[in-house]
Amino acid sequence: MIPKSHPRYESLLLREKMVKASQDGYLADSALIAHGRGEAYDYLIGEKTTYPAKRAMYVAVAALLLSEKPVISVNGNATALAIDEIIEFANAINAKIEINLFYRTDSRVKIITQLYKDHGYENILGGLDDEIEYISDIENNRATASKTGIYSADTILIPLEDGDRAEILKQSGKNIITIDLNPLSRTSKMSDVSVMDNIVRAIPFMTKIADDLKTQDKLVLIDLVNDFDNAENLKESLEQIRIKE
C-alpha cells in the first residue's frame, strides 16, 4: 500500500501498474526500462503538463479530427498506463485503435486484445484474427499493420513509440503524432506533432480538447495545424527541463 501522503504517490502508482502488467504477461522486460526512462524526464519537468505540451495537444487533436482515417497505435506500456483513457479518446475523435508490439508474440497480442474487450472496446485491430500487411523497411515485428488500420491510415497517434517505426511511418506518407516525454528522441524529432508529456495526463486532456474543437469551424482546426512548428515547440519543450536543487 502506498500512502497518499507520499510525495511521489502518483508516480509510484504508475510504477505498480507497469509491474502488474509485466506479471500479467503482456509487457516485455525492456518495457520497464522504457518506463523508467520516461519517468526520469517527467521528474525533470515537475511531473506536470507544460505550456508547449498543451499547445502540441491542441494541434494533435485538430490534426486527428481533420483526418479521414485516424488510428491510435497502442503497445503494452500505453495499455497498462491508460487503457480506459485511450478508449475514451478514440471514441471522442472517431479513431480506430490498433495493437502494435516490438516484441510481438501471440500470447501478448491475445492478452491485450482481451483487455480492450474487457474494458468495453470490441473492435481492436492488430489482433491474431486481423488481416495483416507489412510495412517495408521496418526490420522487426513492428512492421505488421492492420490492412484497415495503420496500413491505410493517414494520421497515426503513436504514443511511447520506438524511433525506427516512427521514421518509417513518416517516410511512408503518414501524418505522425507522438506522446513522448523525451524531446530529444528520434520519435519526437521525426513526428509532425510531438507532445512532451506523460500519457496519463495527455490523453484525458486531449479528450477535453476534442470536445471543444469539435464545436469549432474546420478552418480553425486547419489554422492550428498549419501554424505549428514542431521543431520550435520541441526546443521550447526542452527548455522546460530544470535540474532540481
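In what follows, every heavy atom counts, from backbone to side chain, and hydrogens, waters and symmetry copies are set aside. Count residues from 1 along the sequence.
No donor-acceptor pair closer than 3.5 Å links the side chain of Lys174 to the backbone N or O of Ile168. Side-chain N or O atoms of Ser22 include none that pairs as donor or acceptor with a backbone N or O of Met18 at under 3.5 Å. Listed for the Thr113 side chain is no donor-acceptor partner under 3.5 Å among the backbone atoms of Gly127. Thr105 contributes a side-chain N or O that, together with a main-chain N or O of Arg108, makes up a donor-acceptor pair within less than 3.5 Å. Between the side chain of Glu98 and the backbone N or O of Gly126, no donor-acceptor pair lies under 3.5 Å. Judged purely by atom type and a 3.5 angstrom limit, Ser191 has no side-chain atom pairing as donor or acceptor with the backbone of Ser194. Judged by distance alone, with hydrogens and angles left aside, the side-chain atoms of Thr79 form a donor-acceptor pair with the main-chain N or O of Asn75 at under 3.5 Å. With hydrogens and angles disregarded, a donor-acceptor distance shorter than 3.5 Å links the side chain of Lys96 to the backbone of Thr148. Judged by distance alone, the side chain of Gln240 and the main-chain N or O of Glu236 form a donor-acceptor pair under 3.5 Å.
Heavy-atom contacts from other residues, nucleotides or ligands closer than 6.0 Å to CD of Glu88 number 12 or fewer. Remark: Asn94 CG is loosely packed, at most 12 non-hydrogen atoms of other residues, nucleotides or ligands lying under 6.0 Å away. Annotation for Lys218: atom NZ does not count as buried by contact number, only 12 or fewer foreign heavy atoms lying within 6.0 Å. Summarising the local packing, NZ of Lys69 is surrounded by 12 or fewer heavy atoms from other residues, nucleotides or ligands at distances under 6.0 Å. Surrounding OH of Tyr151 are at most 12 heavy atoms belonging to other residues, nucleotides or ligands under 6.0 Å away. With a 6.0 Å radius and a threshold of 12 heavy atoms from other residues, nucleotides or ligands, Asp212 has its CG atom above the threshold.
Of the N and O atoms on the side chains of Ser107 and Tyr26, not one donor lies less than 3.5 Å from an acceptor on the other residue. A donor-acceptor pair shorter than 3.5 Å cannot be found between the side chains of Ser146 and Glu131. Using a 3.5 Å distance cut-off with no hydrogens or angles, the side chains of Asn233 and Arg55 do pair a donor with an acceptor.
Between Thr178 and Leu157, the closest side-chain pair of non-hydrogen atoms is not below 4.5 Å. Using a 4.5 Å heavy-atom threshold, the side chains of Asp192 and Lys170 count as touching. Using a 4.5 Å cut-off on side-chain heavy atoms (C-beta onward), Leu64 and Asn175 make no contact. In this structure, Leu14 and Leu81 have side chains that are in contact, with non-hydrogen atoms separated by less than 4.5 Å. With contacts defined as side-chain heavy-atom distances shorter than 4.5 Å, the pair Asp118/Gln114 qualifies. Within the 4.5 Å cutoff, side-chain heavy atoms of Arg165 are placed close to those of Ser73. When side chains are defined from C-beta on, Glu39 counts as touching Ser11, because their heavy atoms get closer than 4.5 Å. Under the 4.5 Å side-chain criterion, counting only non-hydrogen atoms from C-beta, Leu125 is not in contact with Ile97.
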Steps toward side-chain contact (heavy atoms from CB on, under 4.5 Å) verdict (Tyr121, Ile83):
CA-CA 10 Å; Tyr121 191 85; Ile83 183 170; over 6 Å; no

If you apply the rule side-chain contact (heavy atoms from CB on, under 4.5 Å), what do you find for Glu85 with Val200, and how did you get there?
CA-CA 8 Å; Glu85 293 81 0; Val200 301; over 6 Å; no

Could you check Met57 against Thr49 for side-chain contact (heavy atoms from CB on, under 4.5 Å), going step by step and ending with a plain yes or no?
CA-CA 10 Å; Met57 285 185 218; Thr49 301; 3.6 Å; yes

In sequence, state the C-alpha distance, the side-chain angles, and the governing distance for Ile158 and Asn100, and then conclude on side-chain contact (heavy atoms from CB on, under 4.5 Å).
CA-CA 10 Å; Ile158 51 168; Asn100 193 274; over 6 Å; no

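When Asn198, Asp197, Asp180, Asn182 are each tested for a side-chain hydrogen bond (donor to acceptor under 3.5 Å, both in side chains) with Tyr41, only one passes: Asn182.
Counting all heavy atoms, side chain and backbone alike, Val61 lies closest to Ala210 at CG1-CA, 3.6 Å. The heavy-atom pair separating Ile199 from Ala78 by the smallest distance is CD1-CB, 3.9 Å. Between Val225 and Ala62, the closest heavy-atom pair is CG2-CB, 4.0 Å. Closest approach of Ser188 and Asn230 over heavy atoms only: O-ND2, 3.3 Å. The two residues Ala202 and Val195 make their nearest non-hydrogen contact at CB-CG1, 4.4 Å.
Both Ile111 and Leu27 are members of a single hydrophobic cluster when ILVMFWY side chains are connected at heavy-atom separations under 4.5 Å. Under a hydrophobic-cluster definition in which Ile, Leu, Val, Met, Phe, Trp and Tyr are linked whenever side-chain heavy atoms come within less than 4.5 Å, directly or via other members, Leu238 and Leu234 are assigned to different clusters. Residue Met190 is not grouped with residue Leu169 when hydrophobic side chains (ILVMFWY) are merged at heavy-atom distances under 4.5 angstrom, including chains of intermediate members. Note: the hydrophobic cluster containing Ile222 also contains Val193 (ILVMFWY, side chain heavy atoms under 4.5 Å, direct or indirect links). Put simply, Ile87 and Val109 are part of the same group of oily side chains (I, L, V, M, F, W, Y) that touch within less than 4.5 Å, one to the next.
Note that the OG atom of Ser30 and the CG atom of Asn77 stand 8.0 Å from one another [nearest 0.5 Å]. Remark: Ile99 CD1 to Ile72 CD1 distance equals 13.0 Å, nearest 0.5 Å. For the atom pair Ile176 CD1 and Thr187 OG1, the distance stands at 10.0 Å (nearest 0.5 Å). With rounding to the nearest 0.5 angstrom, the CG atom of Asn123 is 10.5 Å from the CG atom of Asp130. To the nearest 0.5 Å, the span separating CG on Leu115 from NZ on Lys110 amounts to 13.0 Å. Rounding to the nearest 0.5 Å gives a distance of 11.0 Å between CG of Asp42 and CD of Glu10.
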